[in-house]
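One structure is given here, and the rest of the page talks about it.
Numbers for residues simply follow the sequence, beginning at 1. Note that ligands are numbered from 1 as they come in the structure, with each ligand's atoms numbered from 1 the same way. Bear in mind that the values here come from a model prediction, so they are computed numbers and not experimental data.
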Amino acid sequence: MAEPGADEKAMAQTLAVRLWGSRWLLAAGVVAILIAFASASAYVLVPALLLLLAAAMLPVAGTRQSAQGAAAMEAIGLQRLSGEYLAAAVADPLIIFDRAASIVHANAAAFAAFGGIAPGLSLSLKFRAPEMQALLDGVLSGNVASNVVDYTEKLPVERAYRVSASSVGHGTDLYVLVFKDQSEARRIDRMRADFIANASHELRTPLASIAGFIETLRGPARNDPAARDQFLQIMQSQTGRMARLIDDLLSLSRLEMKPYLKPGTEVDLRETVDSVIDSLGPLARENSVAIERDYADGPLDVAGDRDELFQVFENLLENACKYGQSGGRVVVSIARSGAGSEPGIDVTIRDFGPGIPEEHIPRITERFYRVDVETSRTQKGTGLGLSIVKHILTRHNARLSIKSEVGKGAAFSVHLPTHG
Ligand code: ADP
């Protein structure tokens, strides 16, 4: 939307700045010519002296002038910078409007975010929400130079914006609206609130049960040794549940504090997986599950943090022994994979239990998500195990894939890259 003749005007201004910068030299030249004409060759020294004087003055005045010149050039440059280019360089939706609240210009981000806008369209018709009307009225009335409101677009998808309106320059009669998308920040806030609500609920349930048993033990069961033993046992298991939950919450929070910290030591997967199997031996025996190993030959090392990878395989193998118990066996395999683009090592833990219905698989790594809450509780689950697994794998640049067929079992496969 450049003004006609704007380029010629700018060129003339640039020329004026250059001439002004060389004015001493020009003046000396003119005086020398005049003197030469007036006195023939009698005083040839005078013009030479004048020229010398001018040349001596130039460096002193030159630095000051070049600074002034640069400032003037910059001012000219800014005048030439079209509002259109400036608007296009802004990543957020931006709309310039006039005193009648009609759109004068909208950048590409605004066109992408709000369908059906065009120059000349009334903003009051486009954004009918009361908060937007108040925002426009505020700046157009001239009472405030700028103002900010929160505004939510409902369609096509809900998006929350913080919108600022301000007048542009002095006496331009133009105003600008800038929309800052807050949707992601709001989503994270909601997730955090949900998480706190879930964690509090998970802690409150065993706490309420313990409080109830304490009351019973102090009252009706005071003199009943059999009931006392039974209640104390339940209370012990409830405190164990709270302790597990707190441990998992702390693990998760530690991992979230440093999500991109890449672990750097070499981890021997064969040794790590073997020690996980050893540590879960008692649970496997208790659940009558046989653990089988199927490891590739040769070194099976990856870059990583041994304790964290131990936690990953421990969670997966524990789940396989608990939820896949009915299958009676679990196979742990370590194999090299993806010789081409993504070379790495796959550790797969496969059980032959009831499996996981397909619709649950995409959500299973979310915090507190369980396929069946009761089964998870009786199996001493916290609902955080796979979420911890996912966080650790992200830090290792690794991938988790879950395959399952209902009635046939589930396979959790971890792909750890061997370089890059
Ligand atoms: P939990 O502490 O409840 O075990 P996880 O995050 O480890 O939490 O697992 C989430 C849910 O995924 C479990 O509650 C269970 O319903 C399901 N699940 C995990 N592993 C298996 C498996 N091998 N077979 C069937 N279901 C599983």
Side-chain angles (χ1 to χ4, degrees), residues 191 194-195 198-206 237-256 273 276-277 279-280 283-284 286-292 294 308-333 346-395 398-414:
M191 262 175 65
D194 282 355
F195 176 64
N198 275 324
S200 313
H201 175 75
E202 292 291 330
L203 282 171
R204 190 181 283 275
T205 317
S237 86
Q238 297 291 9
T239 51
R241 178 174 159 195
M242 288 170 76
R244 278 195 302 279
L245 184 62
I246 289 167
D247 282 349
D248 280 358
L249 285 170
L250 287 176
S251 279
L252 208 53
S253 121
R254 262 196 301 273
L255 289 165
E256 282 185 342
V273 174
V276 170
I277 295 175
S279 78
L280 288 175
L283 175 76
E286 206 179 295
N287 288 6
S288 312
V289 172
I291 302 175
E292 296 165 20
D294 177 12
E308 289 187 3
L309 290 179
F310 186 98
Q311 210 178 346
V312 165
F313 303 129
E314 189 184 38
N315 265 307
L316 297 178
L317 188 57
E318 194 180 321
N319 280 351
C321 291
K322 289 184 330 191
Y323 303 112
Q325 182 186 4
S326 58
R329 71 188 182 107
V330 170
V331 179
V332 182
S333 61
D346 287 349
V347 179
T348 306
I349 294 165
R350 182 188 303 277
D351 69 66
F352 302 88
I356 306 161
E358 206 181 326
E359 66 273 20
H360 293 288
I361 292 178
R363 297 199 57 193
I364 210 168
T365 55
E366 285 176 19
R367 296 184 285 198
F368 295 116
Y369 190 88
R370 287 116 151 181
V371 175
D372 176 13
V373 178
E374 263 327 297
T375 316
S376 159
R377 291 234 167 100
T378 51
Q379 295 287 359
K380 300 185 176 166
T382 59
L384 294 175
L386 290 178
S387 175
I388 292 172
V389 165
K390 194 180 74 179
H391 270 83
I392 296 176
L393 293 184
T394 305
R395 279 154 57 71
R399 252 194 345 256
L400 175 71
S401 53
I402 307 168
K403 290 203 178 88
S404 179
E405 217 176 307
V406 175
K408 293 197 172 163
F412 287 74
S413 197
V414 173

Please check this pair: side chain of Ser376 against backbone of Asp372, looking for a donor-acceptor N/O pair closer than 3.5 Å.
no
Who's the nearest protein heavy-atom neighbour of atom 23 (N) of ligand 1, and how far?
Asp351 OD2, 2.8 Å
Does Asn315 come within less than 4.0 Å of ligand 1, judged by its heavy atoms?
no
N/O to N/O below 3.5 Å, does that happen between Gly355 and ligand 1?
no
Here the salt bridge (charged side-chain N to carboxylate O under 4.0 Å, His left out) pairs for residues 405-414, sequence neighbours left out, are Glu405-Lys408
Between CD1 of Ile356 and NZ of Lys403, what distance do you get to the nearest 0.5 Å?
13.0 Å
Ligand 1 and Val371, any nitrogen or oxygen pair closer than 3.5 angstrom?
yes
State if Gly353 counts as touching ligand 1 under the rule of any non-hydrogen atom under 4.0 Å.
no
Considering only NZ, NE, NH1 and NH2 on the basic side and carboxylate oxygens on the acidic side, decide whether Arg367 and Glu202 come within less than 4.0 Å.
no
Which protein non-hydrogen atom lies closest to atom 6 (O) of ligand 1, naming both residue and atom, and how far is it?
Leu386 N, 2.8 Å
Side chain Thr365, main chain Ser387, donor-acceptor under 3.5 Å:
no
Could you find the nearest protein heavy atom to atom 17 (C) of ligand 1 and give me its residue, atom name and distance?
Ile364 CD1, 3.7 Å
Ala320 backbone acceptor or donor facing Arg350 side chain under 3.5 Å:
no
Where Gly381 and Tyr323 come nearest, the two heavy atoms and their spacing
CA-OH, 4.4 Å
Taking non-hydrogen atoms only, is Thr375 closer than 4.0 angstrom to ligand 1 via side chain, backbone, both or neither?
neither
Which pairs pass side-chain hydrogen bond (donor to acceptor under 3.5 Å, both in side chains) with one or both residues in residues 351-362, sequence neighbours excluded?
His360-Tyr369
Atom 21 (C) of ligand 1: closest protein heavy atom, distance to 0.1 Å, is Tyr323 CD1, 3.7 Å
Under 4.0 Å from a heavy atom of Gly381: which atoms of ligand 1 are those, numbered in the order shown and with their elements?
1 (P), 2 (O), 3 (O)
Against heavy atoms of Tyr369, which atoms of ligand 1 measure under 4.0 Å?
10 (C), 11 (C)
Around atom 26 (N) of ligand 1, find the nearest protein heavy atom and jot down its residue, atom name and distance.
Ile356 CG1, 3.5 Å
Flag, side chain of Asn287 to backbone of Cys321, donor-acceptor distance under 3.5 Å:
yes
If you have a sec, work out which protein heavy atom is nearest atom 14 (O) of ligand 1 and how many Å separate them, to one decimal?
Arg370 CG, 3.2 Å
For ligand 1, which atoms have a heavy atom of Gly383 less than 4.0 angstrom away?
1 (P), 2 (O), 3 (O), 6 (O), 8 (O)
Go through ligand 1 atom by atom and flag the ones less than 4.0 Å from a non-hydrogen atom of Thr382.
1 (P), 2 (O)
If I compare all heavy atoms of Phe313 with all of Ile349, which pair ends up nearest, and what's the gap?
O-CD1, 4.0 Å
Please write down residue, atom name and distance for the protein heavy atom closest to atom 3 (O) of ligand 1.
Ser376 OG, 2.7 Å
Arg244 side chain to Lys380 main-chain N or O, any donor-acceptor pair under 3.5 Å?
yes
When you compare ligand 1 with Asn319, is there at least one nitrogen or oxygen pair between them that comes in under 3.5 angstrom?
yes
